[in-house]
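What follows is a single structure, written as structure tokens, with notes after it.
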Amino acid sequence: MNTSIRILDTALDPAALTETLLATGARDRGALVTFVGMVRDLIDDPVYALELEHYPGMTEKTLGDIVARVRSRWPLGDVLIAHRVGRLQPGDPIVFLGVTASHRIEAFNACQALMDYLKTEAPLWKKEVTPHGERWVEARDRDRVAAARWKTILEQQ
Amino acid sequence: MNTSIRILDTALDPAALTETLLATGARDRGALVTFVGMVRDLIDDPVYALELEHYPGMTEKTLGDIVARVRSRWPLGDVLIAHRVGRLQPGDPIVFLGVTASHRIEAFNACQALMDYLKTEAPLWKKEVTPHGERWVEARDRDRVAAARWKTILEQQ
Amino acid sequence: MVEVRFFARLRESLGCTRLALELDEAITLGQLKARLAARGAPWQQALAQCAVLAAVNQEMADDSVLVQPGDEVALFPPATGG
Amino acid sequence: MVEVRFFARLRESLGCTRLALELDEAITLGQLKARLAARGAPWQQALAQCAVLAAVNQEMADDSVLVQPGDEVALFPPATGG
């Protein structure tokens, strides 16, 4: 029942992290759910690069708090979170989440909740480098709504 | 927007399949969700091996129908399903699902719905080899409930 | 002629993987199952289970579905893959 | 003394990454922000935004939270990671 939180300033390798989660050999784990978030580059809104700034120390602490909250709700095996900082190119993985559990429902719910919490709570900020210059990404209401949904679900149970 | 369905009688490699999904280079995909189901081996209920039987032809056809149903509900990028048949050992991956989409909510929902449908509809059957002999795995009510839930969600929208 | 295939627990309890049934004209799947049950007690018992599902030409089918000569019929328990 | 750190858009608009503020006794985060705003128009404007969040010792904090000498304070916009 390991928790691993990694802030990386070099390439994030989702396949290798998937391999890490499968290699633990814990035989009571029937399910693994992973999420990978990637830099998008749309034809009508091109992005040359993405710069990820974070608050060193608080990022790791916040992610640890989020994992503890999710573990208190669902019985989980291993949890691995890796997040890039620094300069990324379109297509590059930004974040990897991996959760193992005995059954799929817990792994799916925990992975989705982790991601919703991470988006709204972890002190990380994106700046896009575009043909029209640099712009800070705006926080989105739908991310706040997604994170708030889990609070409601957790309180109902 | 590729769909790939693979029935494998040799080892299934989730890390390599993850790599495959990431290597398409489609830059409008911001999210990848994967699910891996593995053979469990519990201390109080040991399993020496798992035998997966299927209905060749109908398995692929059913999985194709399921992917079409899910694609009609959510805008998705690539979908990759790989399922083992034959004899497996504890810890071995049984099934891999991978779904890419522009945003995480679609990828999470589609991956979870695919898995719920696969469990109840794809003509695959598990037999466990235990210290007390062989036993066919019983279908579980909770899997039927999980699959039925998506029908309700789809009809409401 | 129609080919009937059996899978998993049903295949094992019948000791039969495939069976060729004479069929000159369309009958319902229910009628086809009744003909199989008439083959003897083991068949009757195995097919009487409510958990026996069926596919005709690899599409799930209930007892009212018509089976034509040349069709592929399969009988099997509920799925347990994934 | 208390160290105040700034991140992302706020860091850029203030042109300031870190600032050491004299502090002999505990004040509220709200009072601390008022002291920063008093540094001039750019500070007042940047800090008047409702989207400025704060952490004290790496815990999210609102204006009522007490800041002690030696604490680490950080001001930043809403998170956009993931």
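Chain naming here is simple, since letters A, B, ... match the order of the sequence lines and numbering starts at 1 in each. The model shown is predicted, which means the values in this text are computed figures rather than measured ones.
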Legend entry - Contacting moiety of B/Glu51, where chain C heavy atoms sit under 4.5 Å: neither

Legend entry - Gap separating the CE atom of B/Met58 from the CD atom of C/Glu72, nearest 0.5 angstrom: 10.0 Å

Inset, instruction - Against chain C, work out which of B/Ile94, B/Val95, B/Val137 has the most heavy-atom pairs shorter than 4.5 Å and name it. - result: B/Val137

Legend entry - Heavy-atom closest contact (C/Ala79 atom, B/Thr120 atom, distance): CB-O, 3.8 Å

Inset, instruction - Identify which of C/Gly81, C/Ala51, C/Ala55 forms the greatest number of heavy-atom pairs closer than 4.5 Å to chain B. - result: C/Gly81

Legend entry - Among the listed options B/Ala139, B/Gly37, B/Pro123, the residue most often paired with chain C at heavy-atom distances under 4.5 Å: B/Ala139

Legend entry - Closest heavy-atom pair and its distance - C/Thr80, B/Lys126: OG1-N, 2.9 Å

Legend entry - Electrostatic pair B/Glu134:C/Arg9 at N-O distance under 4.0 angstrom: no

Legend entry - Pairwise distance CG(B/Asp65) to CD(C/Gln58) - rounded to 0.5 angstrom: 10.5 Å

Inset, instruction - With a 4.5 Å cut-off on heavy-atom pairs, point out which of C/Pro77, C/Ala74, C/Pro78 contacts chain B the most. - result: C/Pro77

Legend entry - Side chain, backbone, both or neither of B/Pro56 within contact of chain C (heavy atoms, under 4.5 Å): both

Legend entry - Spacing of CD belonging to B/Glu121 relative to CG belonging to C/Leu53, to within rounding of 0.5 Å: 11.0 Å

Legend entry - Closest contact, heavy atoms only, C/Phe7 versus B/His54: CE2-O, 3.4 Å

Inset, instruction - With a 4.5 angstrom heavy-atom cut-off, could you sort out which part of B/Lys127 is near chain C: side chain, backbone, both or neither? - result: side chain

Legend entry - Max heavy-atom pair count under 4.5 Å with chain C, selected residue of B/Glu138, B/Met115, B/Arg144: B/Glu138

Inset, instruction - Indicate yes or no: at least one non-hydrogen side-chain atom of B/Trp125 is less than 4.5 angstrom from one of C/Arg11. - result: no

